[in-house]
Amino acid sequence: MTAVARKQRSARAESLIETKAGPQTAPALLSWYDAGNRDLPWRYGPDETPDPYRVWISEVMLQQTTVKAVIPYFEKFLQRWPTVKALAKADLDEVLGVWAGLGYYSRARNLYACAQVVAKNHKAKLPRSETELLKLPGIGPYTAAAISAIAFGARASPVDGNVERVVARLFAVREPMPASKPRLRALAGTLTPNKRSGDFAQAMMDLGATVCTPKRPSCLMCPLHSQCAAHALGIEETLPGRAIKGERPVRYGSAFLVLREDGHLLLRQRPSAGLLGAMLEVPSTAWGEAWLAKDEACRSAPVHADWWPVAGNVSHIFTHFRLEMQVFRALVPSDVQLHLWAEPDRCRWLHRRDLQGSALPSVMKKIIAHGLKE
DNA sequence: TACTCGTGGGT
DNA sequence: TACCCAAGAGT
């Protein structure tokens, strides 16, 4: 770009920053949304009445989770528990079993807890106001606003990562995340129309997901490009800025895959809170900062057996650390006794054919698959 | 406030 | 490969 062109572009951007995106933003975005509305299982057309339950389940599943990953889980969940009452009467283990693989399992526990509260205190109907929704387990500022706007048609401004990115670019907010969050929320609020605020929110999120993407945004396809200060400045791809992240630590552990002669595996339920809370696991040593020698590791084994080290390790990436697991395998008789330190009360024998549908997180399925190789 | 809490796909 | 990131909430 020549110096003259850059100067012209910059001057154009300055004028946009003064006028800002404004009252004309919502109509332009809603026209785009109406023309190309995506067909999603939780989405409603203009002549349909939204089911707050479906909106709630979808919004919780979509937290930090891609649309593609959510769709099959949403279908299965709604088929199994179509109403608040049905969910409130379910077993938590069954809910965790359906949720297994989707991640962030506190969402499933909170969803279940929330269903109980709504069934008991709200006549099995979700409250309409953001304030009341916020009091419920698993419903934070984003989800309260989303349910209020999408399911009940109230004026509310749910702000997720997409909206933050779109707004940061529209107004060329250079301040990095997360410090800029309050300002981005306020700016998003100024753009939200009194009518169709739910559609507006969904349109902003669709725009962020398909056009105003984190990398290489398709500005030529964007219905708001003429209002976008960052695009005018040529800095859209650099926004929103983020603080640099530290290194991801590594933890090491040894898992014990106990195969009973009748085809059952030994699994154990994890504590009800924290990482993979209330989900099933392959019993293992604690996850520490270094490998343990075989003899040392096997002192934590759940049964006395001839432990065979399976070749290779299982590696799994969590949000804030990487796990490296070595797997030991043993074939044991059906009357084997569990050691007390294995917490027998939490242990269960599950047949290999029944693993599907159980509350096994992905990392544990990986460990089992690795341990059963050959 | 900053950290915890999963997983899979994109670059 | 090693990041980044996705319709966030709880503590």
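None of these values were measured; they are calculated from a predicted model. First the proteins, then the strands, lettered A, B, ... as listed; each starts at 1. Excluded from the calculations below are hydrogen atoms, water molecules and symmetry mates; all remaining heavy atoms, backbone and side chain alike, are included.
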Classify [X] by what it touches in the nucleic acid, base, sugar-phosphate, or nothing, heavy-atom distance under 4.0 Å.
X	result
A:Trp99	nothing
A:Arg242	sugar-phosphate
A:Arg43	base
A:Gly274	sugar-phosphate
A:Val60	nothing
A:Pro361	sugar-phosphate

- Note on the structure: DNA chain B nearest-nucleotide lookup for A:Leu275 and A:Arg216: closer to the 5′ end is A:Leu275
- Any side-chain heavy atom of A:Glu164 sitting closer than 4.5 Å to one from A:Val159? yes
Once you round it to whole Å, what is the distance between [atom2] of [N] and [atom1] of [X]?
X	N	atom1	atom2	answer
A:Ile139	C:dT11	CD1	P	14 Å
A:Ile317	C:dC5	CD1	P	16 Å
A:Leu207	C:dA6	CG	P	13 Å
A:His320	C:dG10	NE2	C1'	13 Å

- Query: Just checking, is any N or O donor in the side chain of A:Gln202 or A:Arg43 under 3.5 Å from an acceptor N or O on the other one?
  - Reply: yes
- Query: Reading DNA chain B 5' to 3', which nucleotide is the first, and which the last, to come under 4.0 Å of any heavy atom in chain A?
  - Reply: B:dT4 to B:dG8
- Query: If you look at every heavy atom in A:Val173 and A:Leu239, which pair is closest and at what distance?
  - Reply: O-CD2, 3.5 Å
- Looking at DNA chain C, which of residues 101-114 of chain A put a heavy atom within less than 4.0 Å of it? A:Asn110
- Task: Hey, can you tell me if A:Trp287 and A:Phe321 have their rings parallel, tilted or perpendicular (30° and 60° cut-offs)?
- Result: tilted
- Task: Could you tell me how the ring of A:His316 sits relative to the ring of A:Phe318: parallel (under 30°), tilted (30 to 60°) or perpendicular (over 60°)?
- Result: perpendicular
